[in-house]
Student: 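The structure that follows is given in the form of structure tokens.
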Amino acid sequence: TRKKLPTGFGNAQRVMLIFAVPSLCLIGYQAVFGEHMFDLSRVREYFAWPLILKKIVGIFWHFSSGYRFSMLTIDRVFFYLKSSPFFWVSAVNTLAVLLVALKGFFGLRREKFEWGLLFGITLFFPVVFLGIFYPIRLDARYLSFAAPFFFILAADGLRRISARSVRAVVLAVLIFVSLEGSQYAISAVTDPAHKEDYRGLVSYVYANAAASDAICGLEQQASYYRKRLGLQTPADYFARIDDLAAAGPSAYRVVWLMDGANMHPEVTRQAYRQIIEIMKKLGFEPAAEPRKFGGEEALTVLYKFREITA
């Protein structure tokens with residue numbers, strides 16, 4: 001006779017949970033003190049139910065269909081609805097895989113309640129939490145951590161479908177979308193890892209700034225790439241605009257302000273308008289249009305200001 005599998009947690013699961021505690025503590029520390037998740041002033045522009053729902057759907061879209069359409073603005077969603085047949089295929093795939101994963105979740109919850117509870121806590125509660133706060137780096141860590149749970153549920157739900165033709169269609173569409181998404185990610189001009197965007201931004205500024213210029217912003221990235229790439233510049237560097245103001249900005253003709261862009265263009269434009277007002281008080285005006293590094297959807301931007309002479 002076959003031995004019945006235990007439904008609860010065994011010693012192996014307890015050991016793995018113990019080993020996971022330091023990682024969970026580190027993620028929690030970064031979320032609170034590194035990324036300031038509970039600073040509501042940072043997320044108030046997102047706190048609208050349509051945006052929260054879009055981000056929650058986007059996380060599951062990322063699980064099942066890759067990142068290509070998972071972080072779109074609402075305007076871009078409507079644009080692709082009108083212009084891209086593959087967007088519709090990807091959307092159908094996302095919905096189908098999510099329904100299959102839910103089927104697996106409810107089946108697992110009935111058969112092994114503890115495991116169903118673990119999968120539910122791992123997948124569904126954090127998605128709502130991230131839908132409200134959405135720190136980018138924490139979201140990336142969660143996606144890589146939780147994706148295996150999602151695909152285990154999807155595989156379990158797929159085997160519970162009795163119709164072989166339905167299983168074949170769902171699996172075929174998933175494979176097609178995944179392969180196309182992988183090809184898109186490999187050939188995309190914008191590097192999914194934004195470190196290449198920061199590298200290009202810092203390298204460009206350090207190569208073009210003159211002795212009469214000032215460089216400002218992105219302290220961690222500037223410090224890292226200055227040491228890693230051996231970058232040299234005759235310009236003075238300031239971590240923040242406040243440091244530039246305290247040092248006496250009248251000594252400089254041009255200010256190169258490196259900053260992070262927001263995935264919502266209107267938020268970035270609003271921030272830029274505020275920066276312009278601050279720089280005008282310091283005696284500077286825009287010298288060029290904002291320049292992004294890594295394509296239009298990149299999250300790095302350069303603002304160039306010149307001394308007001310008139």
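Since we're looking at a predicted model, the values are computed, not measured.
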Student: Aromatic ring centroids of Tyr80 and Trp61 under 6.0 Å?
Tutor: no
Student: Answer yes or no: is there a side-chain heavy-atom contact under 4.5 Å between Phe78 and Leu81?
Tutor: yes
Student: Please check if Phe63 and Val92 belong to a single hydrophobic cluster, counting links between Ile, Leu, Val, Met, Phe, Trp and Tyr side chain heavy atoms closer than 4.5 Å.
Tutor: no
Student: Can you confirm whether Leu229 sits close enough to Tyr206 that some side-chain heavy atom of one is under 4.5 Å from a side-chain heavy atom of the other?
Tutor: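 Sidechains of Tyr206 and Leu229: no contact.
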Student: Under a 4.0 Å threshold between the charged nitrogen and the carboxylate oxygen, would Glu285 count as salt-bridged to Lys280?
Tutor: no
Student: Report yes if some heavy atom in the side chain of Ser212 is under 4.5 Å from a heavy atom in the side chain of Val254; otherwise report no.
Tutor: no
Student: Is it the case that atom CZ in Arg226 sees more than 12 heavy atoms from other parts of the structure closer than 6.0 Å?
Tutor: yes
Student: Taking the side chain as every heavy atom from C-beta outward, state whether Phe151 and Ser64 have any pair of such atoms under 4.5 Å apart.
Tutor: no
Student: Treating Ser90 as the side-chain partner and Phe86 as the backbone partner, does any N or O pair qualify as donor plus acceptor under 3.5 Å?
Tutor: no
Student: Please tell me if the side chains of Leu99 and Leu95 come closer than 4.5 Å, counting only heavy atoms from C-beta onward.
Tutor: yes
Student: Please check this pair: side chain of Asn208 against backbone of Val205, looking for a donor-acceptor N/O pair closer than 3.5 Å.
Tutor: no
Student: Closer than 4.0 angstrom, basic N to acidic O: yes or no for Glu180 and Arg68?
Tutor: yes
Student: Under a 4.5 Å cut-off applied to non-hydrogen side-chain atoms, are Phe69 and Thr94 in contact?
Tutor: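 Phe69 vs Thr94: side chains apart.
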Student: Working to the nearest 0.5 Å, report the span between CG of Leu108 and NZ of Lys103.
Tutor: 13.5 Å
Student: From Gln221 CD over to Arg199 CZ, what is the distance, rounded to the nearest 0.5 angstrom?
Tutor: 13.0 Å
Student: Apart from Ile275 itself, what residues make up its hydrophobic cluster when side-chain heavy atoms of I, L, V, M, F, W and Y under 4.5 Å apart count as a link, directly or indirectly?
Tutor: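 Traced through the cluster, Ile275 reaches Phe238, Ile241, Leu244, Tyr252, Val255, Leu257, Tyr272, Ile276, Ile278, Met279, Leu282, Phe284, Val301, Tyr303, Phe305.
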Student: Nearest 0.5 Å please: distance from the OH atom of Tyr225 over to the OG atom of Ser203.
Tutor: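 The distance works out to 8.5 Å.
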Student: Within the 4.5 Å heavy-atom criterion, are Leu201 and Leu218 side-chain neighbours or not?
Tutor: yes
Student: Closer than 3.5 angstrom, by distance alone: can the side chain of Tyr204 be matched with the main-chain N or O of Leu302 as a donor-acceptor pair?
Tutor: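 Answer holds: no.
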Student: Is it the case that the side chain of Ser223 and the backbone of Glu219 share a donor-acceptor pair, with hydrogens and angles ignored and the cut-off at 3.5 Å?
Tutor: no
Student: Applying salt bridge (charged side-chain N to carboxylate O under 4.0 Å, His left out), can you list everything that pairs with Arg269, at least two apart in sequence or on another chain?
Tutor: Glu266
